[in-house]
Amino acid sequence: MNIFLLLGIVCGLVFLLSMQIEKRSIFNGMFLTLSLLLFLGSGLAVVTTGPVSRYDHLILILYFLFALMLLLFLLFVIGYVIRNTWKLIRKEGRKRNNFFSLLASLGMFSFLLLIPTTFLTIEPLAITITIYIGFYGFLFLSFLVSSILYRYNRPYYNQHYIVILGAGLLRGKKVSPILASRLERGIYFYTMQKKVAPPPRIIVTGGRGEDEIISEAEAMKAYLVHRHIPPQSIIIEDRARNTYENFLYTKKIIPDHQKVVFVTNHFHVFRSSLIAKQLSMAAEGIGSPTAWYFQPNAYTREFIAVLAMNKKTHLLLFSCFLLLLAYFYFS
């Protein structure tokens, strides 16, 4: 058994254990991604060491084809994201946040150019830059895997509270499509639980922005009442200005030892679960669908927000990176 296969099995087992202990962790995605990469590495190590048979040649060809397909797929993703960014800007406007996925795709393209340069030159400066960018590429991939894994979380229909997270209103008072998607997902959960258990209470959380006439929570309650949810089943929390405050203030409303599920969009559910965990809130998340053109940029923004949650660690890593660059550049 080669070392790559052994490490791959260990990472796979750690992933299974980590998922059982805590679903709300980016380490789940890291260990699963690392396990799959190590399994690929173990196969490559087997066929490139010792005598090479006809079967080994076939496996090497398959590996080459896989690498070529992966390269073409990454180029397709880069092109798709660039096209998607243009579509997003046309629909949502030239907001700064709408350019995040474009920057990520340019970073991916730079990384693809750096890899052959690094292998050909073996320069310490190029190696350092490649490793640094590659590390954050690995983190981004792990974040996406963690998000997908958490997307398939299915809480039981035995909850005491449903917390629906707010989002910006249209024209200061109208529920936006993104917010309507969250509310409809909450209504579905409420309706399904009502068939098998006592219905939960619904907490709508979201304050009033500077450009809003009413609070997000008020607009959400009006939407739910219009959809035949009893007003006495709805609790308003109208102070929160962001996701952290959504959970901070709703935690004060909910009694201890209550079962809670929160609702947000698919792209937002994993980071929201990390914030809930940060506040020691035992809440499970469920996601609602989002327009496809919105998702690449949304996931990129979510990843940046997760990095910001641990900004001291990443600032330290960036400082070390700059010091290494200065050392190799001036030495």
Side-chain angles (χ1 to χ4, degrees), residues 11 14-15 17-19 21-35 37 95-108 110-111 114 124-150 165 205 207 239-252 262 264-265 267-285 296-330:
C11 286
V14 172
F15 158 71
L17 181 62
S18 180
M19 280 291 291
I21 295 172
E22 178 59 85
K23 294 177 183 178
R24 304 173 296 177
S25 173
I26 197 171
F27 287 109
N28 298 329
M30 291 177 70
F31 283 117
L32 179 58
T33 304
L34 193 56
S35 177
L37 291 174
K95 301 173 186 175
R96 182 184 60 181
N97 291 347
N98 291 341
F99 289 91
F100 284 145
S101 58
L102 178 63
L103 293 174
S105 66
L106 292 176
M108 188 190 303
S110 301
F111 181 66
L114 272 171
L125 190 64
I127 292 171
T128 303
I129 296 171
T130 303
I131 290 173
Y132 183 76
I133 297 176
F135 171 71
Y136 279 94
F138 172 74
L139 278 185
F140 186 42
L141 182 59
S142 300
F143 167 76
L144 290 177
V145 171
S146 299
S147 297
I148 292 168
L149 289 171
Y150 196 79
L165 306 187
T205 169
R239 291 187 296 160
R241 295 168 297 176
N242 52 49
T243 306
Y244 181 85
E245 291 184 357
N246 286 147
F247 286 109
L248 180 67
Y249 295 139
T250 53
K251 185 181 178 182
K252 295 176 180 179
F262 68 86
T264 185
N265 294 87
F267 66 83
H268 188 232
V269 72
F270 181 66
R271 181 169 70 90
S272 299
S273 73
L274 295 181
I275 294 172
K277 184 175 75 170
Q278 189 180 55
L279 290 167
S280 303
M281 192 172 176
E284 293 189 85
N297 198 68
Y299 275 107
T300 306
R301 283 165 47 191
E302 289 297 299
F303 174 65
I304 293 170
V306 168
L307 294 183
M309 289 172 67
N310 302 280
K311 58 188 173 192
K312 289 183 180 179
T313 300
H314 295 290
L315 284 173
L316 179 61
L317 288 173
F318 184 65
S319 301
C320 294
F321 168 67
L322 290 179
L323 288 172
L324 280 172
L325 284 184
Y327 172 78
F328 289 127
Y329 183 79
F330 292 109

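In what follows, every heavy atom counts, from backbone to side chain, and hydrogens, waters and symmetry copies are set aside.
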Taking it one step at a time, do Y150 and V145 satisfy side-chain contact (heavy atoms from CB on, under 4.5 Å)?
CA-CA 9 Å; Y150 196 79; V145 171; over 6 Å; no
Decide yes or no for K251 and S280: does some side-chain heavy atom of the first lie under 4.5 Å from some side-chain heavy atom of the second?
yes
Geometric class of the F321/F318 ring pair [parallel <30°, tilted 30-60°, perpendicular >60°]:
tilted
Check: F262 ring centre within less than 6.0 Å of F247 ring centre:
yes
Just one of I131, I129, T130 clears the side chain to side chain contact (heavy atoms under 4.5 Å, CB included) bar with I133, so which one?
I129
Expected output: side-chain S35 to main-chain L32 donor-acceptor under 3.5 Å:
no
Should the heavy atoms of other residues, nucleotides or ligands under 6.0 Å from OH of Y132 be counted, would the total exceed 12?
yes
Interatomic spacing from NE2 in H314 to CG in N310 - rounded to 0.5 Å:
5.0 Å
For T243 and S272, which heavy atoms make the closest approach, and how far apart are they?
CG2-OG, 3.8 Å
Show the numbers, then the answer: is there a side-chain contact (heavy atoms from CB on, under 4.5 Å) between F27 and V14?
CA-CA 9 Å; F27 287 109; V14 172; over 6 Å; no
Distance check, rounded to the nearest 0.5 Å: L139 atom CG versus I26 atom CD1?
6.0 Å
Under the side-chain contact (heavy atoms from CB on, under 4.5 Å) criterion, do T250 and N246 qualify, and how do the steps go?
CA-CA 6 Å; T250 53; N246 286 147; 5.6 Å; no
With a 4.5 Å cut-off on side-chain heavy atoms, are M281 and I275 touching?
no
Would you say the side-chain atoms of N28 pair up with the backbone N or O of K23, donor to acceptor, closer than 3.5 Å?
yes
Residues which pass ring pair (Phe, Tyr, Trp, His ring centres under 6.0 Å) with F31, listed by chain and number, not counting sequence neighbours:
none
Are the ring centres of F303 and Y299 closer than 6.0 Å?
no
How many angstroms lie between CG in L165 and CG in N242, if you round to the nearest 0.5 Å?
11.0 Å
For the CG atom of N297 and the CZ atom of F267, what is their distance to the nearest 0.5 Å?
10.0 Å
I want to check something: taking the side chain as every heavy atom from C-beta on, are L279 and Y244 in contact at a cut-off of under 4.5 Å?
yes
Supply the atom-to-atom distance E22 CD to K277 NZ, rounded to the nearest 0.5 angstrom.
4.5 Å
Between T205 and Y249, is any pair of side-chain heavy atoms under 4.5 Å apart?
no
Rounded to the nearest 0.5 Å, how far apart are OG of S146 and CG of L274?
8.5 Å
For the residue pair R24 and E284, establish whether any side-chain heavy-atom pair is separated by less than 4.5 Å.
no
Find out whether E302 and H268 are in side-chain contact, i.e. whether some heavy atom of one side chain is under 4.5 Å from a heavy atom of the other.
yes
